[in-house]
Amino acid sequence: MRMVFSIFVALAGQFVEPGSAWPGLWLAATAASQFLSLLITEPMRRDPDFPVSRRRERLFFASVAVSAAVFASCGILFWLHGGWGERLVAVIILAGGAVNVALQAGASSRLLWVGCAPFMVLLQALPLISFFMSTGPERGVMGMTAVAATLFVLHLVAAGRHSVASARRVERALQEAHGERLRRGRQPGQERLSGRHDP
């Protein structure tokens with residue numbers, strides 16, 4: 001799904017900058033980062049009980065950071081190479097990317113922050129840069145955009161923390177239920193064994 005969306009973004013970039021090389025280069029970089037993530041996670045996708053080493057775990061989070069940064073970089077390209085419409089596209093892509101990562105983080109707070117960081121940083125940094133570089137009415141618009149982006153990020157952080165905490169509670173409850181089923185499953189067998197030795 002991310003690659004389908006990436007192709008759409010690259011086509012939109014080509015429409016904004018006809019003949020420009022950046023949409024194709026960005027799409028190639030995005031595909032490469034996604035392929036790297038697939039290579040690292042392939043054993044876990046094949047076997048959910050695959051033992052994950054510390055090295056593979058670090059590689060996984062590094063690939064998430066690279067993939068998120070590469071994908072979020074299209075926001076910079078739209079913001080700098082277009083007008084007001086393209087800036088709106090950049091905001092939508094960055095906000096949507098941050099929400100998408102937050103929804104997929106599950107019980108992993110590290111995955112939440114590593115994946116969301118590039119989107120949240122750019123969402124606030126781009127309007128701020130334009131605020132300091134612009135004059136007149138545009139400066140006021142960029143200031144308001146920066147404030148709105150900051151409020152969005154703060155709400156997303158709060159919602160993300162709540163989502164991770166809820167996912168962890170569900171995870172603990174499932175583990176406890178699984179342990180209880182195992183205990184109940186052993187009891188009948190134990191009773192039968194003890195009955196065989198009764199006189």
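Nothing fancy with the numbering, it's 1 onward along the sequence. All heavy atoms count here, side chains included; hydrogens, waters and symmetry mates do not. Not measured: the values here are computed from a predicted model.
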Step by step, would you call Phe35 with Leu39 a side chain to side chain contact (heavy atoms under 4.5 Å, CB included)? CA-CA 6 Å; Phe35 181 69; Leu39 284 180; 3.5 Å; yes
Begin with the C-alpha distance, continue with both residues' side-chain angles, and end with the deciding distance and a verdict on side chain to side chain contact (heavy atoms under 4.5 Å, CB included) for Ser37 and Val64. CA-CA 7 Å; Ser37 295; Val64 170; 5.6 Å; no
Output, in order, the C-alpha distance, side-chain angles, deciding distance and verdict of side chain to side chain contact (heavy atoms under 4.5 Å, CB included) for Val141 and Trp84. CA-CA 11 Å; Val141 173; Trp84 289 106; 3.8 Å; yes
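Contact of the Ile40 side chain with the Phe61 side chain is not registered, since no non-hydrogen atoms from C-beta on lie closer than 4.5 Å. Inter-residue side-chain proximity for Glu138 and Met133 is flagged as unmet; no heavy-atom pair is nearer than 4.5 Å. Contact check for Leu80 versus Glu86: no side-chain heavy atoms found under the 4.5 Å cut-off. Proximity of Glu57 to Arg110: side-chain heavy atoms (C-beta onward) are separated by under 4.5 Å at one or more points. Looking at heavy atoms from C-beta onward, Glu17 lies out of side-chain contact with Pro23 at the 4.5 angstrom threshold.
To the nearest 0.5 Å, the span separating CD1 on Ile93 from CZ on Phe119 amounts to 9.5 Å. In this structure, the separation between CD1 on Ile92 and CZ on Arg87 is 14.5 Å, given to the nearest 0.5 Å. Taken from CG in Leu156 to SG in Cys116, the straight-line distance is 5.5 Å, to the nearest 0.5 Å. Taken to the nearest 0.5 Å, the CZ atom of Arg58 stands 13.5 Å off from the OG atom of Ser63. Between the CG atom in Leu27 and the SG atom in Cys74 there is a gap of 10.5 Å [rounded to 0.5 Å]. To the nearest 0.5 Å, atom OG of residue Ser130 and atom CZ of residue Arg139 are 11.0 Å apart.
The two atoms that bring Trp22 and Leu77 nearest to each other are CE3-CD1, 2.9 Å, heavy atoms only. Of all non-hydrogen atoms in Gly19 and Gln14, the two that sit nearest each other are N-NE2, 2.7 Å. Taking every heavy atom of both residues into account, Ala72 and Leu94 meet most closely at O-CD2, 3.6 Å. Closest non-hydrogen pair, Pro118 versus Ala68, comes out as CG-CB, 3.8 Å.
Pairs of residues two or more places apart, or lying in two chains, that qualify as side-chain hydrogen bond (donor to acceptor under 3.5 Å, both in side chains) and include a residue from residues 140-154 are Gln124-Thr150.
By the side chain to side chain contact (heavy atoms under 4.5 Å, CB included) test, Ala90 pairs with Phe78, Trp79, sequence neighbours left out. By the ring pair (Phe, Tyr, Trp, His ring centres under 6.0 Å) test, Trp26 pairs with Phe71, sequence neighbours left out. With sequence neighbours excluded, the residues satisfying side chain to side chain contact (heavy atoms under 4.5 Å, CB included) with Arg161 are Trp113, Val157. Applying the side chain to side chain contact (heavy atoms under 4.5 Å, CB included) test to Val70 and every residue at least two apart in sequence or in another chain returns Ala29, Thr30, Ser33, Val66.
When hydrophobic side chains of Ile, Leu, Val, Met, Phe, Trp and Tyr are connected at separations under 4.5 Å, Val147 ends up clustered with Leu151.
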